[in-house]
Undergrad: 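There's a structure below that I have some questions on.
Below, chains carry the letters A, B, ... as their sequence lines are ordered, and counting in each starts from 1.
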Amino acid sequence: MEAAEYDLAYFRSNGFHRRACVVCGSPFWTLGDHDRCQEAPCRDYGFLGHPVFRRPYALREMREAFLGFFEHRGHTRLRRYPTVARWRNDVFFTQASIYDFQPWVTSGAIPPPANPLTISQPVLRFIDLEEVGRSGRHLTLFEMLAHHAFNRPDHEVYFKERTVELCHELFTAELGAPATGLTYKEEVWEGGGNLGPSLSVGLAGLEVATLVFMEYVRDGERLKPMPLTVVDTGYGLERLVWASQGTRTAYEAVFAGEYDELRRSFPPRETAILIDHARALNFLLTDGVVPSNGKEGYFARLLLRRMLRLLSKVPEAPSLVAILDRSGRELARDYPEIGEHRDDLARVVEAEIERYREALERARQTIRRQDAKYRAEGSRATEEDLLRWYDSLGVPPDVAVEELSQPPAIPEDFYARVAARHESERPTTDYVDASEGFPEVPASVPGTEVLYYLDPYTVAFEAHVVHVDGPFVVLERTYFYPTGGGQVADRGHLGDLEVIDVGRKGPHVLHRLERAAPWHPGDRVRGRIDPRRRTQLMQHHTATHLLNGALREVLGPHVWQAGAHKAPELARIDVTHFRSPSADELRRVDRLINAVVRENRPVKSYFESRTEAERRFGFTLYQGGAVPGKELRIVEIEGFDVEACGGTHCTHTSEVGAIQLVDVERIQDGIVRLSFASGERALELREEHEATLKEAARRLGVPPEKLPEGIDRLLGEVEESRKVAKARTRGDLEGMATSLLADPTRTAAVGPTTIIAATVDLDRAGLTELSRILSRADGRVVLLASEREGKGTLFAGSTASGVSALALIEQSRAVFQAKGGGNPSAATAVGEPGEPLQRALGAAREAARQAAGG
RNA sequence: GGGCACGUAGAUCAGCGGAAGAUCGCUGCUUUCGCAAAGCAGAGGUCGGGGGUUCAAAUCCCCCCGUGUCCA
């Protein structure tokens, strides 16, 4: 970044001077007389015991002071976004306030919900997990205070000058910090292909804010200006509170009452961890994360289990649920949604606690068994075992050690070594953008007016062509629905050409034709949408909302949509839930959705301001992920389900017709997938199922309602005949054994040993079985030859002491060029059939005779 | 999304290239007025599914499916 990027008129005209920090070397701007930037580690904390602001602020007061300050200066205050970034596929969690507006707002595809705006966004930083409680300031969840402005060439809100002015005024005039205490350090921010200058604001040793100016797109070595420049600021709410109070750690300042309560049972570090994790969990669980073994759910599990481990060491400590509840009540004062479903949240947590208990118990058993084994062989468990057990069984090393008679020392760097085990792993992403395969449209082409929102029933229309690119056509307006929101695209015709796909690229809807379009911008074309497909998709989409609403009703409000797909043949919805729904739960869901269909409730689709919609319906609106924009499209099934959704929907529930659940599966821990069909497709499926049922019944020769009994009878018969066959085979073998033993040409006694040698016609299993029967008594040597599929098998079995079946086989193997082996009591070789096999049998018999002492 | 571990009798698990096992539970018999207990006998297994390697696979390799766990 060039120095000119930071050389602001604001700095110049207000007497700031530019210095270079003598410690880190970075240039910074300040009104004070500092030789170093005012951030750790370049200088020590100067606020401990000496608060830097006018007065101490509690968390709530500081948040209000910030948001109020910016509100009075023309910013619109926004409510927080969910902490789970469902609208993005590259991250799990909202890690900064700007995440709320990426990618659509920052890319310019969709206007911001307000401009400029201010927000306090709870964000998660799991990278700091180990530092929580240790550093005195780190948290897995903190609130990022921010003011954002989005500047288009035709509409400049504000950029660097005003941003710095606002920031400086906030800290000095509003909060009362000494103007000379602040330093604005020059830095470069880069992320997601964008970059720009940034200023890091230091005060008394704390980095209190970062002011980022997203300005350029990286294009190889060169930098190109962005069409939309963005002011991205971040102020750590908890740090500001801390600085205002000057307590020893940030936790004491931020969590005052809770901290003191838990401090009675726990040391400072554990207290901080428990409070931090409880706070993070309250947000995560409220926002629909169900603890699981992967993805975002794992982080909830991680926090929960860490808490459980700490709690297990202090018997008189409050329960996990009690701590969560205490924290939740505190949070609910500012974020009422967190207090709304306390019982449900407790149920999710209890289920998870039970799982952990079971997992640990299983693991302990495994370790105990391994320990017994080690003891038996005179060895002992190693550090490597501890690592492996943690990795594969989830047993923390201190727990594992409890089960070992001779435990190894727990390595100091245990968790670092766990990390090292995972180093070589390369995560892959196979995400496919819905608009992939669709070409870019020049920005000069006017955006498409989408009409399916307003009227999903119109399937024929006329419109002017505004852009053609081979088979891709953009119209001024269209009724064709592009793939999005889990709903596949419409099909149909433009003119005489078939529309094979429809996609959305920013403000444009692209129709993909079977071949290159013959039209030019300005031509008027007629569009016809395949009405059957459209109807089916509408039914499936509305049915998805019905199902989602019913699942929340029946299973609990922790249920969130975690994905959905609506195709003409079948639809599916993935929801968060901690176990497979029971048959009874599914039956209740089925009853409920079909009842709502029968009641023929209106399904209203309309646009409403984000603020108003969130006020009325809350965060559960964002089932398909948060949708940026000032206006949300709301799809409301009256009195049942409300979601922000851009899909095409029926206007009354009865249009959905029948809904048929097809399959329910747990696609991963914490996620349940329901496949279903509605409308015509549901009837078709029902017919298919019925036909299958009838056909099965016909083949079994029973009426359909007797099918289960019929199958039981059939299975019984199969089992019976299997037994009979087995008994018969066994009987046959018994008979063979008896006649062989009675046959003097095949049986020879050598002292106490009886040698039986015979050629039979049996498969491998038969030879083994016959040998077993023949060698029920001690002192038997059995030699069996058999030919099958052009190969000769020689089997030897022995219960005679001093006669090794394996030795007999080894001695006769060469005679018929056989391969084989075995053990002293049974051995096999396979080689040439016919005469060589017979000679081998003779050789083996001779060897047996000698071994038996004859 | 990736790594690792695990799927063997109704349950808990052993076996980890050579003739499928243990414990509990189950059935029958003995003993008892009866129960419990004990003793004896017995039933119960396509060793998760599918390919491959091998004379021989529960065991080794590959691919699925399921479960657990750790890491992102």
Side-chain angles (χ1 to χ4, degrees), chain A residues 89-93 95 126-127 129 291-299 301-302 305-306 355-356 358-363 365-370 372-373 376 384-397 400 414-431 579-580 665-670 718-719 722-723 726-727 763-776 782 784 786 788-789 791-799 804-806 809-810 813 816-833 837 840:
Chain A
N89 46 50
D90 52 342
V91 291
F92 295 132
F93 302 111
Q95 295 180 57
F126 280 94
I127 195 100
L129 191 65
S292 80
N293 62 5
K295 306 201 173 164
E296 56 269 44
Y298 178 69
F299 293 94
R301 172 167 289 176
L302 186 67
R305 293 189 172 184
R306 278 170 63 101
R355 275 172 168 246
Y356 189 44
E358 283 171 8
L360 266 190
E361 192 38 51
R362 262 197 309 273
Q365 270 185 41
T366 304
I367 292 171
R368 256 177 259 143
R369 274 197 302 273
Q370 185 61 44
K373 206 176 293 180
E384 183 56 30
D385 285 323
L386 292 183
L387 286 166
R388 209 186 61 242
W389 287 330
Y390 177 69
D391 224 9
S392 62
L393 300 173
V395 201
F414 185 83
Y415 290 96
R417 284 167 66 174
V418 170
R421 286 169 74 93
H422 291 275
E423 231 162 37
S424 60
E425 295 159 20
R426 290 256 178 281
T428 54
T429 43
D430 56 351
Y431 171 72
R579 61 163 173 249
S580 284
E665 52 189 335
R666 226 165 66 106
I667 54 166
Q668 58 168 277
D669 194 13
V718 168
E719 179 69 8
R722 210 171 57 90
K723 276 186 191 164
K726 206 171 157 185
D763 62 12
R764 200 177 183 99
L767 292 173
T768 306
E769 194 58 29
L770 177 58
S771 169
R772 277 196 113 160
I773 294 167
L774 286 167
S775 51
R776 265 187 207 138
V782 181
L784 298 170
S786 176
R788 285 269 168 114
E789 290 161 9
K791 282 181 179 164
T793 304
L794 182 62
F795 182 95
S798 170
T799 55
S804 161
L806 180 58
I809 285 298
E810 278 170 351
R813 210 162 44 184
F816 66 131
Q817 276 107 51
K819 288 179 169 180
N823 60 37
S825 57
T828 325
V830 177
E832 298 286 319
L837 174 62

Undergrad: Would you mind pulling out the nucleotide paired to B:A22, Watson-Crick or G-U wobble, both distances under 3.5 Å?
TA: B:U12
Undergrad: Paired with B:U69 by Watson-Crick or G-U wobble geometry, both distances under 3.5 Å: which nucleotide is it?
TA: B:G3
Undergrad: Could you give the distance separating B:U32 and B:U23 at their P atoms, to the nearest angstrom?
TA: 27 Å
Undergrad: List the atom of A:Ser825, the atom of A:Ala805, and the distance in Å for their closest heavy-atom pair.
TA: C-CB, 3.8 Å
Undergrad: By the 4.0 Å heavy-atom rule, please label A:Leu302 as base, sugar-phosphate, or nothing.
TA: sugar-phosphate
Undergrad: Pick base, sugar-phosphate or nothing for A:Lys295, based on heavy-atom distances below 4.0 Å to the nucleic acid.
TA: base
Undergrad: Which heavy-atom pair separates A:Pro396 from A:Leu360 by the least distance, and what is that distance?
TA: CD-CD2, 4.2 Å
Undergrad: What's the gap between B:C70 and B:A37 when it is taken at their P atoms, as a whole Å value?
TA: 40 Å
Undergrad: Would you mind reading off the distance between A:Lys819 atom NZ and B:U54 atom C1', rounded to a whole angstrom?
TA: 8 Å
Undergrad: How would you label the contact of A:Arg368 with the nucleic acid (heavy atoms, under 4.0 Å): base, sugar-phosphate, or nothing?
TA: nothing
Undergrad: With the threshold set at 4.0 Å, does a side-chain nitrogen-carboxylate oxygen contact exist between A:Arg388 and A:Asp391?
TA: no
Undergrad: What distance, rounded to whole Å, do you find between the two P atoms, one in B:C4 and one in B:C40?
TA: 47 Å
Undergrad: On a heavy-atom basis, which atom in A:Thr828 and which in A:Thr793 lie closest, and how many Å separate them?
TA: CG2-CG2, 3.6 Å
Undergrad: Strictly under 4.0 angstrom, non-hydrogen atoms only: write out the protein contact profile of nucleotides 5-25 of chain B, one letter per nucleotide from the 5' end, B, S or -.
TA: S------SSSS--BB------
Undergrad: Separation of A:Asp385 atom CG from B:C4 atom P, in whole Å?
TA: 17 Å
Undergrad: Tell me: NZ of A:Lys791 to P of B:C55, nearest whole Å?
TA: 8 Å
Undergrad: Can you tell me, in whole Å, how much space there is between the C1' of B:G44 and that of B:A20?
TA: 13 Å
Undergrad: It should be established whether A:Arg305 places a side-chain nitrogen or oxygen under 4.0 Å from OP1 or OP2 of nucleotide B:U69.
TA: yes
Undergrad: Rounding to an integer number of angstrom, what distance separates B:G17 and B:G7 when you compare their P atoms?
TA: 15 Å
Undergrad: Any strand counts, and the cut-off is 3.5 Å on both contacts for Watson-Crick or G-U wobble. Which nucleotide pairs with B:A41?
TA: B:U27
Undergrad: Only pairs with both distances under 3.5 Å count, Watson-Crick or wobble alike; so what is the partner of B:A58 in this structure?
TA: none
Undergrad: Nearest whole angstrom, please: distance from the C1' of B:A72 to the CG of A:Asp90.
TA: 13 Å
Undergrad: With heavy atoms under 4.0 Å as the rule, sort A:Phe126 into base, sugar-phosphate or nothing.
TA: nothing
Undergrad: Paired with B:U32: which nucleotide, if any, by Watson-Crick or G-U wobble criteria at under 3.5 Å for both distances?
TA: none
Undergrad: Which pair of heavy atoms, one from A:Ile367 and one from A:Ala400, lies closest together, and at what distance?
TA: CD1-CB, 3.8 Å
Undergrad: Rounded to whole Å, please give me the gap between CG in A:Asn293 and P in B:C4.
TA: 16 Å
Undergrad: Pick the P atom in B:U8 and in B:A14, then give their distance to the nearest Å.
TA: 10 Å
Undergrad: Taking all heavy atoms of A:His422 and all of A:Val418, pick out the closest pair and write down the distance.
TA: CD2-O, 3.1 Å
Undergrad: Looking at every strand, decide which applies to A:Gly831 at a 4.0 Å heavy-atom threshold: base, sugar-phosphate, or nothing.
TA: nothing
Undergrad: For the C1' atoms, the ones on B:C60 and on B:G1, what distance do you get once it is rounded to whole angstrom?
TA: 29 Å
Undergrad: Can you tell me, in whole Å, how much space there is between the C1' of B:G25 and that of B:C16?
TA: 27 Å
Undergrad: Heavy atoms only, 4.0 Å cut-off, all strands: where does A:Ala818 land among base, sugar-phosphate and nothing?
TA: nothing
Undergrad: Could you state the atom-to-atom distance from OH of A:Tyr356 to C1' of B:G68 in whole Å?
TA: 13 Å
Undergrad: With the side chain of A:Val830 defined as its heavy atoms from C-beta on, choose the nearest nucleotide among B:C70, B:C55, B:G1.
TA: B:C55
Undergrad: Rounded to the nearest 0.5 Å, what's the gap from CZ on A:Arg355 to CG on A:Asp669? Could you check?
TA: 4.5 Å
Undergrad: Go through the steps to decide whether A:Tyr390 and A:Phe414 satisfy the test ring pair (Phe, Tyr, Trp, His ring centres under 6.0 Å), and finish with yes or no.
TA: CA-CA 10 Å; A:Tyr390 177 69; A:Phe414 185 83; 5.7 Å; yes
Undergrad: Over how many whole Å does the gap from A:Arg788 atom CZ to B:A56 atom C1' extend?
TA: 17 Å
Undergrad: I need the minimum non-hydrogen distance between A:Gly797 and A:Ser771, along with the two atoms involved.
TA: CA-OG, 3.9 Å
Undergrad: A:Phe299 CZ to B:U69 P: how many Å, rounded?
TA: 15 Å
